[in-house]
Amino acid sequence: MGRGRDRPQRRGGLVFGTCGAPWVTTYVDVFDSFNGRRSGAGKEVAVLSHGFGTDQTAWNALRPWFEQRYDVISFDLAGCGPRGAETYDFDRHGGLFGYADDLLDILDECGVQSCTYVGHSMSGMIGAAAAVARPALFKQLVIIGASPRYLDDDGYVGGFKAQDLEALFDSMSANYQAWVAGFAPMVVGVEDDDVIADFSNTLFQMRPDIALNTSRTIFTSDVRSLAPQVTRPAHLIQTAHDVAVPVAVGEWLANAIPGATLDVIDASGHLPHMTAPQEVMQILQDRLFGAAR
């Protein structure tokens, strides 16, 4: 997509099978730098991309379902996971298009020709941007709890006002640990101590200045213009009660993306793939395969 810095020179020589099929030689620098993982018994590729404040372990509850059906690729977004401080660039990742460039780099390096892309929250719109740039790479998109714009606008309900976001950014800046302690249970949205602990841990793993800049990138973005440009089948999933993404946003996105479907789970929270995985798996089964598989 051409936005952001050029990639550094590849560091090493050829290795065997880390990203590609066994015994196929391939460079793995980009995939490796984002802590890439590839597993599964299927022939078709599924790419799992997590949202803000988590890392690829957010897919742990759903990964076995995908591995039975797909060749599964996952990775940590820039700024996230154990190598987050190494992968994040304040210029490149000051907009969602820089993350979309990362995604396309990973798909190219792994030799992916077509994939089912599953993106949560910010990764939903990252995937949409990548699919607009190179639609042939994407068989279909699954978008979970994503928003193209978080700020309210004339005729558009995003769920936040400018003063809400400034208060959030001020709180993050003042005391990141205290902010996480309040933010994590609010976003999880249900009384699930394990998920709250996991989400808190991955938030704490982020460097505070990177977390703040990432949150500014997400919450001040407006990529509504991408939606009507998405030409691949898109399946939207969200909960009925999400503090970050109101149902009205999901409805707007489903109407704006040609032919998109929307499934609203009768549940609360922004992380249904972690708190309501059975419900999400049922929707995936119905939307991706129809008949039992």
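When all heavy atoms of Ala267 and Thr239 are compared, the pair lying nearest together is O-CB, 3.3 Å. A pairwise comparison of heavy atoms in Met206 and Ala211 identifies CE-CA, 3.8 Å as the closest pair. Gly269 and Pro272 get closest at one heavy-atom pair: O-CD, 4.3 Å. Nearest heavy atoms, Val249 versus Ser147: CG1-OG, 3.6 Å. Closest heavy-atom contact between Ala128 and Val230: CB-CG2, 4.1 Å. The heavy-atom pair separating Asp222 from Arg149 by the smallest distance is OD2-NH1, 2.9 Å.
Side chains of Arg69 and Phe289 form a contact here, defined as non-hydrogen atoms less than 4.5 Å apart. You'll find the side chain of Leu288 reaches within 4.5 Å of the side chain of Tyr70, heavy atoms only. Val118 is not listed as a side-chain neighbour of Val47, based on a closest heavy-atom distance of 4.5 Å or more. Side-chain contact between Leu284 and Phe66 is present, with at least one heavy-atom pair separated by less than 4.5 Å. Pro277 has its side chain out of reach of Val280: every pair of non-hydrogen atoms, C-beta onward, lies at least 4.5 Å apart. Side-chain contact check for Tyr99 versus Thr214: some heavy-atom pair is nearer than 4.5 Å. Looking only at side-chain heavy atoms (C-beta outward), Leu151 and Thr220 stay at 4.5 Å or farther from each other. The side-chain heavy atoms of Phe160 and Asp152, taken from C-beta on, include no pair separated by under 4.5 Å.
Between Tyr88 and Phe90, the distance separating the two ring centers is shorter than 6.0 angstrom.
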Pairs of donor and acceptor atoms involving the side chains of residues 129-144, under 3.5 Å and at least two apart or interchain, shall be tabulated with distances.
residue, atom, partner, partner atom, Å
Arg134, NH1, Asp108, OD1, 3.1
Arg134, NH1, Asp108, OD2, 2.8
Arg134, NH2, Asp108, OD1, 3.0
Lys139, NZ, Glu44, OE1, 3.1
Lys139, NZ, Glu44, OE2, 3.4
Gln140, NE2, Thr116, OG1, 3.0

Tell me which donor-acceptor pairs under 3.5 Å the side chains of residues 252-262 have, and how far apart each pair is, sequence neighbours excluded?
residue, atom, partner, partner atom, Å
Asn255, ND2, Glu251, O, 3.1
Thr261, OG1, His235, ND1, 2.9

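The closest donor-acceptor contact from the side chain of Glu279 to the backbone of Ile265 lies at 3.5 Å or more, if one exists at all. Tyr176 contributes a side-chain N or O that, together with a main-chain N or O of Leu203, makes up a donor-acceptor pair within less than 3.5 Å. Judged by distance alone, the side chain of Ser33 and the main-chain N or O of Asp29 form a donor-acceptor pair under 3.5 Å. With hydrogens and angles ignored, the 3.5 Å screen pairs no side-chain donor or acceptor of Ser200 with any backbone N or O of Ala184. Using a distance-only test at 3.5 Å, with no hydrogens or angles considered, no donor-acceptor pair links the side chain of Asp55 to the main chain of Cys80. A side-chain donor-acceptor contact under 3.5 Å links Thr275 to the backbone of Leu271. Although no hydrogens or angles enter the test, the distance criterion places no donor-acceptor pair under 3.5 Å between the side chain of Gln56 and the main chain of Gly36.
Between His120 and His273, the two ring planes are tilted [angle within 30° to 60°]. Relative orientation of the Tyr150 and Phe219 rings is perpendicular, given thresholds of 30° and 60° on the angle between their planes.
The side-chain tip of Arg224 points at the ring of Tyr156 from less than 6.0 angstrom away and within 45° of straight on. Geometric assessment of Arg37 against the ring of Phe75 yields a negative cation-pi assignment under the 6.0 Å and 45° thresholds.
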key: Leu77 vs Ser123, side chain to side chain contact (heavy atoms under 4.5 Å, CB included): CA-CA, chis, key distance, verdict   = CA-CA 9 Å; Leu77 291 174; Ser123 278; 3.6 Å; yes
task = Check the pair Ser49 / Ile126 against side chain to side chain contact (heavy atoms under 4.5 Å, CB included), numbers first and verdict last.
result = CA-CA 9 Å; Ser49 188; Ile126 290 167; 5.6 Å; no
request  = Would you please test Trp179 and Leu168 for side chain to side chain contact (heavy atoms under 4.5 Å, CB included) and show each step?
outcome  = CA-CA 8 Å; Trp179 174 80; Leu168 182 148; 4.1 Å; yes
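Under the 3.5 Å distance criterion, with hydrogens and angles disregarded, a donor-acceptor pair is assigned to the side chains of Ser121 and His270. Judged by distance alone, the side chains of Asp102 and His93 do bring a donor and an acceptor atom under 3.5 Å apart. With hydrogens and angles left out, the side-chain atoms of Gln282 and Asp286 include a donor and acceptor closer than 3.5 Å. Side-chain atoms of Arg63 and Ser39 form a donor-acceptor pair, as typed in the model, at a separation below 3.5 Å.
Atom CZ of residue Arg38 and atom CD1 of residue Ile106 lie 11.5 Å apart, to the nearest 0.5 angstrom. The structure places CZ of Phe34 at 7.5 Å from CG of Asp105, a figure rounded to the nearest 0.5 Å. Between the CE atom of Met281 and the CD1 atom of Ile283 there is a distance of 11.5 Å, given to the nearest 0.5 Å. Remark: Phe52 CZ to Ser215 OG distance equals 5.0 Å, nearest 0.5 Å. For the atom pair Met274 CE and Trp59 CH2, the distance stands at 10.0 Å (nearest 0.5 Å). Atoms CD and OG, on Glu191 and Ser268 in that order, are 11.0 Å from each other to the nearest 0.5 Å.
A salt bridge does not link Arg83 with Asp76: none of the charged nitrogens is closer than 4.0 Å to a carboxylate oxygen. Residues Arg216 and Asp170 are not paired through a salt bridge, judged by the lack of any N-O separation under 4.0 Å between the basic side chain and the carboxylate. Ionic pairing of Lys43 and Asp71 is not present here: no N-O contact between side-chain nitrogen and carboxylate oxygen is shorter than 4.0 angstrom.
At a threshold of 4.5 Å between side-chain heavy atoms, the hydrophobic network of Ile, Leu, Val, Met, Phe, Trp and Tyr places Val157 and Leu236 in two separate groups.
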